[in-house]
Amino acid sequence: MWLLLAFIIVPMVEIGLFIQVGGWLGLWPTLAIVLLTAILGTWLVRAQGALALSELRGSLSGQSDPTEALANGAMILVAGVLLLTPGFFTDAVGFALLTPPFRKAAFVYLRKRVKVQTFSSAGPNGRRGPRPTNGANTIEGEYVELDPDDAPQHDPPRSGRRPSGWTRD
(Lines give C-alpha, C1' and ligand atoms only; values in the text may rest on other atoms or scores of the structure.)
Protein backbone atom coordinates (compact mmCIF):
# COMPACT_ATOMS: atom_id res chain seq x y z
CA MET A 1 0.00 0.00 0.00
CA TRP A 2 2.88 2.36 0.82
CA LEU A 3 4.43 1.74 -2.57
CA LEU A 4 1.18 2.54 -4.35
CA LEU A 5 0.88 5.81 -2.44
CA ALA A 6 4.50 6.69 -3.32
CA PHE A 7 3.81 6.06 -7.02
CA ILE A 8 0.81 8.38 -6.84
CA ILE A 9 2.07 11.13 -4.52
CA VAL A 10 5.66 11.57 -5.79
CA PRO A 11 4.70 12.30 -9.44
CA MET A 12 2.01 14.72 -8.25
CA VAL A 13 4.55 16.57 -6.09
CA GLU A 14 7.02 16.65 -8.99
CA ILE A 15 4.44 18.01 -11.42
CA GLY A 16 3.46 20.69 -8.92
CA LEU A 17 7.10 21.67 -8.39
CA PHE A 18 7.75 21.78 -12.15
CA ILE A 19 4.78 24.10 -12.61
CA GLN A 20 5.87 26.39 -9.75
CA VAL A 21 9.57 26.53 -10.68
CA GLY A 22 8.82 26.73 -14.41
CA GLY A 23 6.44 29.64 -13.80
CA TRP A 24 9.01 31.41 -11.65
CA LEU A 25 12.16 30.78 -13.78
CA GLY A 26 10.79 29.91 -17.20
CA LEU A 27 11.05 26.77 -19.32
CA TRP A 28 14.72 26.73 -20.36
CA PRO A 29 16.26 27.56 -16.98
CA THR A 30 14.06 24.89 -15.37
CA LEU A 31 15.18 22.28 -17.90
CA ALA A 32 18.81 23.37 -17.46
CA ILE A 33 18.54 22.87 -13.68
CA VAL A 34 17.11 19.38 -14.19
CA LEU A 35 19.93 18.49 -16.59
CA LEU A 36 22.66 19.95 -14.35
CA THR A 37 21.38 18.10 -11.27
CA ALA A 38 21.46 14.84 -13.22
CA ILE A 39 25.07 15.46 -14.33
CA LEU A 40 26.22 16.60 -10.89
CA GLY A 41 24.35 13.71 -9.26
CA THR A 42 26.03 11.17 -11.54
CA TRP A 43 29.46 12.54 -10.67
CA LEU A 44 28.72 12.54 -6.93
CA VAL A 45 27.27 9.02 -7.04
CA ARG A 46 30.45 7.73 -8.71
CA ALA A 47 32.66 9.38 -6.10
CA GLN A 48 30.54 8.26 -3.14
CA GLY A 49 30.13 4.78 -4.63
CA ALA A 50 33.89 4.34 -4.86
CA LEU A 51 34.25 5.31 -1.20
CA ALA A 52 31.46 2.93 -0.19
CA LEU A 53 33.06 0.11 -2.17
CA SER A 54 36.42 0.62 -0.47
CA GLU A 55 34.64 0.73 2.92
CA LEU A 56 32.92 -2.57 2.08
CA ARG A 57 36.18 -4.18 1.00
CA GLY A 58 37.83 -3.01 4.21
CA SER A 59 35.08 -4.47 6.38
CA LEU A 60 35.16 -7.78 4.53
CA SER A 61 38.95 -8.09 4.61
CA GLY A 62 38.96 -7.23 8.32
CA GLN A 63 36.17 -9.77 8.83
CA SER A 64 34.00 -7.17 10.52
CA ASP A 65 30.28 -6.59 10.13
CA PRO A 66 29.64 -5.23 6.59
CA THR A 67 26.04 -4.22 7.32
CA GLU A 68 26.64 -0.48 7.43
CA ALA A 69 28.87 -0.54 4.36
CA LEU A 70 26.22 -2.50 2.43
CA ALA A 71 23.50 -0.11 3.59
CA ASN A 72 25.61 2.88 2.50
CA GLY A 73 26.10 1.29 -0.92
CA ALA A 74 22.37 0.64 -1.26
CA MET A 75 21.50 4.20 -0.25
CA ILE A 76 24.02 5.59 -2.75
CA LEU A 77 22.45 3.41 -5.45
CA VAL A 78 18.98 4.72 -4.58
CA ALA A 79 20.39 8.27 -4.59
CA GLY A 80 21.70 7.70 -8.11
CA VAL A 81 18.33 6.50 -9.33
CA LEU A 82 16.59 9.48 -7.71
CA LEU A 83 19.08 11.97 -9.16
CA LEU A 84 18.66 10.59 -12.66
CA THR A 85 14.89 10.82 -12.36
CA PRO A 86 13.78 14.25 -13.55
CA GLY A 87 12.30 16.28 -10.74
CA PHE A 88 13.09 18.60 -7.86
CA PHE A 89 11.72 16.51 -5.00
CA THR A 90 13.57 13.36 -6.10
CA ASP A 91 16.74 15.42 -6.57
CA ALA A 92 16.45 16.79 -3.04
CA VAL A 93 16.04 13.30 -1.56
CA GLY A 94 18.85 11.98 -3.77
CA PHE A 95 21.28 14.71 -2.71
CA ALA A 96 20.30 14.13 0.94
CA LEU A 97 21.14 10.43 0.56
CA LEU A 98 24.59 11.36 -0.73
CA THR A 99 25.51 13.17 2.49
CA PRO A 100 27.13 10.85 5.07
CA PRO A 101 25.30 12.37 8.10
CA PHE A 102 21.92 11.77 6.45
CA ARG A 103 22.91 8.21 5.50
CA LYS A 104 24.08 7.57 9.06
CA ALA A 105 20.78 8.84 10.48
CA ALA A 106 18.82 6.75 7.96
CA PHE A 107 20.91 3.69 8.84
CA VAL A 108 20.29 4.15 12.58
CA TYR A 109 16.56 4.58 11.89
CA LEU A 110 16.41 1.48 9.68
CA ARG A 111 18.54 -0.62 12.02
CA LYS A 112 15.99 -0.11 14.81
CA ARG A 113 13.18 -1.32 12.56
CA VAL A 114 14.82 -4.07 10.51
CA LYS A 115 16.13 -7.35 11.89
CA VAL A 116 19.58 -7.96 10.42
CA GLN A 117 21.20 -11.37 10.54
CA THR A 118 24.71 -11.35 11.94
CA PHE A 119 27.60 -11.87 9.58
CA SER A 120 29.95 -14.74 10.21
CA SER A 121 32.48 -16.46 8.05
CA ALA A 122 32.60 -19.43 10.42
CA GLY A 123 31.49 -22.87 9.27
CA PRO A 124 28.49 -24.83 10.53
CA ASN A 125 30.39 -26.05 13.60
CA GLY A 126 31.24 -22.47 14.65
CA ARG A 127 34.94 -22.82 13.85
CA ARG A 128 37.04 -21.45 11.06
CA GLY A 129 38.99 -23.81 8.85
CA PRO A 130 38.55 -27.52 8.21
CA ARG A 131 36.46 -29.64 10.55
CA PRO A 132 38.33 -32.03 12.78
CA THR A 133 37.92 -35.69 11.91
CA ASN A 134 36.18 -37.67 14.59
CA GLY A 135 35.82 -41.07 12.98
CA ALA A 136 32.26 -40.54 11.77
CA ASN A 137 33.49 -38.43 8.87
CA THR A 138 36.44 -40.69 7.98
CA ILE A 139 36.28 -42.98 4.98
CA GLU A 140 38.83 -45.75 5.00
CA GLY A 141 40.16 -47.31 1.83
CA GLU A 142 43.14 -48.91 0.15
CA TYR A 143 45.03 -47.67 -2.82
CA VAL A 144 47.87 -48.78 -5.03
CA GLU A 145 50.10 -46.39 -6.91
CA LEU A 146 50.47 -47.32 -10.54
CA ASP A 147 53.57 -46.70 -12.53
CA PRO A 148 52.55 -45.02 -15.80
CA ASP A 149 54.52 -47.66 -17.72
CA ASP A 150 52.60 -50.50 -16.00
CA ALA A 151 49.16 -48.97 -16.61
CA PRO A 152 47.01 -50.84 -19.14
CA GLN A 153 47.17 -49.38 -22.62
CA HIS A 154 43.90 -48.45 -24.28
CA ASP A 155 43.00 -47.14 -27.65
CA PRO A 156 42.64 -43.39 -27.32
CA PRO A 157 39.03 -42.26 -27.38
CA ARG A 158 37.77 -40.06 -30.19
CA SER A 159 38.33 -36.90 -28.16
CA GLY A 160 42.09 -37.48 -28.42
CA ARG A 161 42.53 -37.87 -24.65
CA ARG A 162 43.91 -40.98 -23.02
CA PRO A 163 41.80 -42.86 -20.47
CA SER A 164 42.42 -41.98 -16.84
CA GLY A 165 43.57 -45.42 -15.70
CA TRP A 166 40.55 -45.75 -13.44
CA THR A 167 38.58 -47.75 -15.97
CA ARG A 168 38.70 -51.49 -16.47
CA ASP A 169 39.46 -53.27 -19.72
Side-chain angles (χ1 to χ4, degrees), residues 1-133 137 157-161 164:
M1 189 65 177
W2 288 104
L3 195 58
L4 177 65
L5 285 174
F7 279 117
I8 293 172
I9 293 173
V10 170
M12 291 176 67
V13 169
E14 292 292 3
I15 291 170
L17 286 172
F18 270 123
I19 292 171
Q20 290 295 318
V21 173
W24 184 52
L25 293 178
L27 173 67
W28 295 111
T30 303
L31 292 177
I33 290 172
V34 170
L35 183 63
L36 288 175
T37 58
I39 293 169
L40 178 65
T42 302
W43 180 77
L44 287 171
V45 165
R46 288 186 68 185
Q48 290 285 321
L51 290 172
L53 188 59
S54 67
E55 179 186 340
L56 178 62
R57 284 184 183 146
S59 68
L60 289 176
S61 67
Q63 294 183 347
S64 62
D65 186 14
T67 307
E68 188 168 0
L70 287 170
N72 278 335
M75 285 188 265
I76 290 169
L77 179 68
V78 169
V81 169
L82 291 174
L83 288 167
L84 288 176
T85 303
F88 295 106
F89 177 72
T90 55
D91 286 348
V93 175
F95 280 122
L97 281 173
L98 286 180
T99 61
F102 187 85
R103 281 198 314 262
K104 180 77 170 173
F107 178 72
V108 169
Y109 175 80
L110 289 172
R111 185 171 229 167
K112 289 178 184 176
R113 284 159 182 72
V114 176
K115 174 68 176 149
V116 178
Q117 297 292 327
T118 57
F119 174 77
S120 174
S121 61
N125 59 359
R127 295 184 178 164
R128 298 180 196 276
R131 295 189 316 184
T133 58
N137 296 325
R158 290 186 181 165
S159 67
R161 291 183 279 160
S164 67

**Q.** Any side-chain heavy-atom pair of Val21 and Leu25 under 4.5 Å
**A.** yes
Q. Is there side-chain contact between Thr42 and Leu83, with heavy atoms separated by less than 4.5 Å?
A. no
Between [X] and [Y], which heavy-atom pair has the shortest distance, and what is it?
X     : Y     : result
Ala69 : Ser59 : CB-OG, 4.2 Å
Thr90 : Val10 : CG2-CG1, 4.1 Å
Ala52 : Ile76 : CB-CD1, 3.7 Å
Leu97 : Ala79 : CB-CB, 3.7 Å

Q.
Applying side-chain hydrogen bond (donor to acceptor under 3.5 Å, both in side chains), can you list everything that pairs with Thr85, at least two apart in sequence or on another chain?
A. none
Q) With sequence neighbours excluded, what pairs up with Thr30 under the side-chain hydrogen bond (donor to acceptor under 3.5 Å, both in side chains) test? A) none
Interatomic spacing from [atom1] in [X] to [atom2] in [Y] - rounded to 0.5 Å:
X     : Y     : atom1 : atom2 : value
Leu56 : Leu51 : CG    : CG    : 12.5 Å
Thr99 : Leu44 : OG1   : CG    : 10.5 Å
Phe18 : Leu31 : CZ    : CG    : 7.5 Å
Ile9  : Leu4  : CD1   : CG    : 9.0 Å

(Q) Going by ring-ring contact (aromatic ring centres under 6.0 Å, His included), name the residues that satisfy it together with Phe89, two or more places apart in sequence or in a different chain. (A) none
Q. Side chain to side chain contact (heavy atoms under 4.5 Å, CB included) between Phe102 and Met75: does it pass, once the steps are laid out?
A. CA-CA 10 Å; Phe102 187 85; Met75 285 188 265; over 6 Å; no
Q. Restricting to pairs with a member in residues 31-64, which pass ring pair (Phe, Tyr, Trp, His ring centres under 6.0 Å), not counting sequence neighbours?
A. none
(Q) I need the full list of salt bridge (Lys or Arg N to Asp or Glu O under 4.0 Å) pairs touching residues 42-62, with sequence neighbours left out, sorted by first then second residue. (A) none
Q | Summary of salt bridge (Lys or Arg N to Asp or Glu O under 4.0 Å) pairs that have at least one residue in residues 91-108, sequence neighbours excluded | A | Glu68-Lys104
Q: Could you please spell out the steps behind the side chain to side chain contact (heavy atoms under 4.5 Å, CB included) verdict for Phe95 and Leu40?
A: CA-CA 10 Å; Phe95 280 122; Leu40 178 65; 4.0 Å; yes
